[in-house]
Amino acid sequence: MKAIIVAPDEIPVRVDINREFEDRLVSGDLTSDGAQYSDEVTTGDADVDVDVLTKLVDPGLEGDILWVEFGLTAEFKAVSSSTADLIWKWQARNKDGTWVDLHPAVTETDIGTTYKSRTRSGYFKPETSFNCVPFEIRLILQCNEANEGRAKVKNSSYVRVVYRVV
């Protein structure tokens, strides 16, 4: 959609008020295989959420979200317990707002001590508390055993948003 903006004593200018922005959630030094990860995070107390990754997605112009696409991949494991259960989920919110679940919490029963890769992807319809840019996204994790849950986010994770500048 384009709008015509006219300032007093100025020439009319056609401006595209819809913008598209993509943000990769993880970056860092290049690797031989191209796989990069966020810092590894370990849970503390049993059954208490910890933030694995929190990222502000800020395209530089404020606006109302028309649609948003997510491709989110993280890896999970237990430090040393073969019986540890993990619960994790991705959330988003308008900057400094209330967190909205992007999917139901996932329970990994007896996750084991080797990293397991998990992906959540698709389009998310804007809703109250998550309907404008800039916005924040995070991955939270908890474990039923103290200091056992571990997670990291992979560099293939991205957010793509189309929004109308306000």
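The first residue in the sequence is number 1, and the count goes up from there. Small disclaimer: the values here were computed from a predicted structure and weren't measured. Any value given below was found using the heavy atoms of this structure, including those in side chains, with hydrogens, waters and symmetry copies removed.
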The complete set of ring-ring contact (aromatic ring centres under 6.0 Å, His included) pairs with one or both residues in residues 132-166, sequence neighbours excluded, reads Phe130-Phe135
Using a 4.5 Å cut-off on heavy atoms from C-beta on, say whether the side chain of Thr107 contacts that of Thr109. yes
Do Lys77's NZ or CZ and the ring of Tyr115 fall within the cation-pi criteria of under 6.0 Å and 45°? yes
Lys89: salt bridge (Lys or Arg N to Asp or Glu O under 4.0 Å) partners, not counting sequence neighbours: Asp101
With sequence neighbours excluded, residues passing salt bridge (Lys or Arg N to Asp or Glu O under 4.0 Å) with Lys55: Asp23
Can you list the residues that meet the salt bridge (Lys or Arg N to Asp or Glu O under 4.0 Å) rule with Arg160, with sequence neighbours excluded? Glu20, Glu69
Test of understanding: with salt bridge (Lys or Arg N to Asp or Glu O under 4.0 Å), list the residues that count as partners of Glu136, not counting sequence neighbours. Arg93
In this structure, is the centre-to-centre distance between the rings of Phe70 and Trp90 below 6.0 Å? no
Indicate yes or no for a side-chain donor-acceptor contact from Ser38 to the backbone of Leu53 under 3.5 Å, with no hydrogens or angles considered. no
State whether the side chain of Asp33 and the backbone N or O of Ala35 hold a donor-acceptor pair below 3.5 Å, judged by distance alone. yes
Could you tell me whether Glu75 and Arg150 make a salt bridge, using a distance below 4.0 angstrom between a side-chain N and a carboxylate O? no
The residue among Leu139, Thr119, Ile137 that forms side-chain contact (heavy atoms from CB on, under 4.5 Å) with Leu72 is Ile137
Quickly, which of Asp49, Thr43, Asp45, Asp85 forms a side chain to side chain donor-acceptor pair (under 3.5 Å) with Gln142? Name it, please. Asp49
Taking ILVMFWY side chains as joined if any heavy atoms are under 4.5 angstrom apart, and letting links pass through other members, which residues group with Tyr123? Leu66, Trp67, Val162
